[in-house]
Amino acid sequence: MEEVKRIEELRTLLEKLSYEYYVLDHPSVSDQEYDRYMQELIALEQKHPECYDANSPTQRVGGAVLEGFEKVEHRRMMLSLGNVFNYEELVAFDERVRALEPDVRYVVELKIDGLAMSLIYRDGRFVQAVTRGDGTIGEDVTSNIKTIPSIPMRIDEPGEVEVRGEVYMPKASFRRLNSEREANGEELFANPRNAAAGSVRQLDSTVCAKRGLDAFWYYFVNAQEHGIHSHEEALEELSRLHLRVNPLRRCCNNVDEIWAFIEEISARRHELPYEIDGMVIKVDDLNAQTRLGTTVKVPRWATAYKFPAEEVTT
Ligand SMILES: NC(=O)c1cnc(N)c2cc(Br)sc12
């Protein structure tokens, strides 16, 4: 029946248009055209309830208001990071790594000031989003994470894929939210991280949908099972799967290259449209990461450089 075929066609088209707009920031159609396709799909889905699909672009917002969040155990612990606060501590980190991995190469990324999140895809379909929690047990916040338009509901990868990253509230969304709350005499959020955490914990996803959250993904959990050997390759694969990966990153061969990038980003971080509280330095080679291993709660193959605390008025 061609209407059922049209439903599948529109679902695929709307996902592609959403990717172009929210991930590539390069839409190929006008908002009006996008809305016309969405309205056409909504009408066809109402006519064909037998085609219901929770991952349809029409199902991102709405659904039941939850009583609470289910607890979920992570397959692999969600680690936090050790910290370094200055050049000398960064040198010490590098020396500890080089003692085991003499010709190490690093990838340096921005440390997004949001909340850590795990996404599970199965056979190419988004199935679950889980907060970090205590690192072992998190909360299922799938209904809220589905409302973030840059997160794909489908990916072109079979089997089980787990992706981790940071959900955050852009500075513009934060300013808009707090000015609305001020106008309504409500308590203001202290910073974008708190506002993002409060939004993800909304039991009614229509509230979360209005908060203008976004996310960057920076960890392909079972990358080696998918034939990937380095962190940089993993980030490129996440991009290929249409996940939103932060392009502001640099491969560095030594501490001085790391420090140069830290100073470059530190000088321009207030221009960024989102808050960062430091930089993340990771060993690039995944086998070297495995050889270095982790301590009780933090990896030996990565650390976070934290910017000096300052009074930031956003
Ligand atoms: N790029 C990254 O690895 C990264 C970025 N932002 C963050 N808040 C975190 C936290 C951990 Br744990 S890793 C990481």
*Flag, side chain of Asp113 to backbone of Asp277, donor-acceptor distance under 3.5 Å*: no

*asked:* Is the shortest side-chain heavy-atom distance between Leu286 and Gln289 below 4.5 Å?
replied: yes

*asked:* Looking only at side-chain N and O atoms, does Tyr274 offer a donor or acceptor that is under 3.5 Å from a partner on Asn246?
replied: yes

*asked:* Counting neighbours of CG on Asp134 that are heavy atoms of other residues, nucleotides or ligands and sit closer than 6.0 Å, is the number greater than 12?
replied: yes

*For Gly82, does its backbone N or O pair with a side-chain atom of Thr303 as donor and acceptor, under 3.5 Å?*
yes

*Are Phe126 and Ile120 joined in one hydrophobic group, where the rule is that I, L, V, M, F, W and Y side chains link up if heavy atoms are under 4.5 Å apart?*
no

*asked:* Is it the case that the side chains of Glu166 and Tyr218 hold a donor-acceptor pair, with the cut-off being a distance below 3.5 Å and no angle test?
replied: yes

_Looking only at side-chain N and O atoms, does Asn253 offer a donor or acceptor that is under 3.5 Å from a partner on Tyr106?_
no

*For Leu292, does its backbone N or O pair with a side-chain atom of Arg300 as donor and acceptor, under 3.5 Å?*
yes

_Less than 6.0 angstrom separating the ring centers of Tyr305 and Phe307, yes or no?_
yes

_Using only atom types and a distance under 3.5 Å, with no angle test, would you say the side chain of Arg154 pairs donor to acceptor with the backbone of Glu15?_
no

*Taking Asp284 for its side chain and Cys251 for its backbone only, find out whether a donor-acceptor pair lies under 3.5 Å.*
no

*Check whether any side-chain N or O of Ser179 sits under 3.5 Å from a backbone N or O of Arg175 as a donor-acceptor pair, and report yes or no.*
yes

*Would you kindly confirm whether Tyr21 and Leu10 end up in one hydrophobic cluster when ILVMFWY residues are joined by side chain heavy atoms under 4.5 Å apart?*
no

*Is any NZ, NE, NH1 or NH2 atom of the basic residue among Lys282 and Glu109 found under 4.0 Å from an Asp or Glu carboxylate oxygen of the other?*
yes

*Are the side chain of Thr142 and the backbone of Ala129 linked by a donor-acceptor contact shorter than 3.5 Å?*
yes

_Pair Glu310, His270: side-chain N/O donor-acceptor within cut-off below 3.5 Å_ = yes

*Quick one: does NZ or CZ of Arg244 land under 6.0 Å from the six-membered ring centre of Phe216, within 45 degrees of the ring axis?*
yes

*Without hydrogens or angle criteria, can the side chains of Asp140 and Gln128 be said to hold a donor-acceptor pair below 3.5 Å?*
yes

*Polar side chain donor-acceptor pair, His226 to Glu157, under 3.5 angstrom*: yes

*Looking just at side-chain N and O atoms, do Ser56 and Glu45 make a donor-acceptor pair shorter than 3.5 Å?*
yes

_Can you tell whether the side chains of Arg105 and Glu232 come within less than 4.0 Å, N to carboxylate O?_
no

*Is it the case that more than 12 heavy atoms not belonging to Arg98 sit under 6.0 Å from its CZ atom?*
yes

*Starting from the C-alpha separation in whole Å, work towards a yes-or-no answer on side-chain hydrogen bond (donor to acceptor under 3.5 Å, both in side chains) for His242 and Glu20.*
CA-CA 9 Å; His242 290 186; Glu20 290 170 350; over 6 Å; no

*asked:* Under 4.5 Å between side-chain heavy atoms, counting indirect links through other Ile/Leu/Val/Met/Phe/Trp/Tyr residues: same cluster for Val283 and Val91 or not?
replied: yes

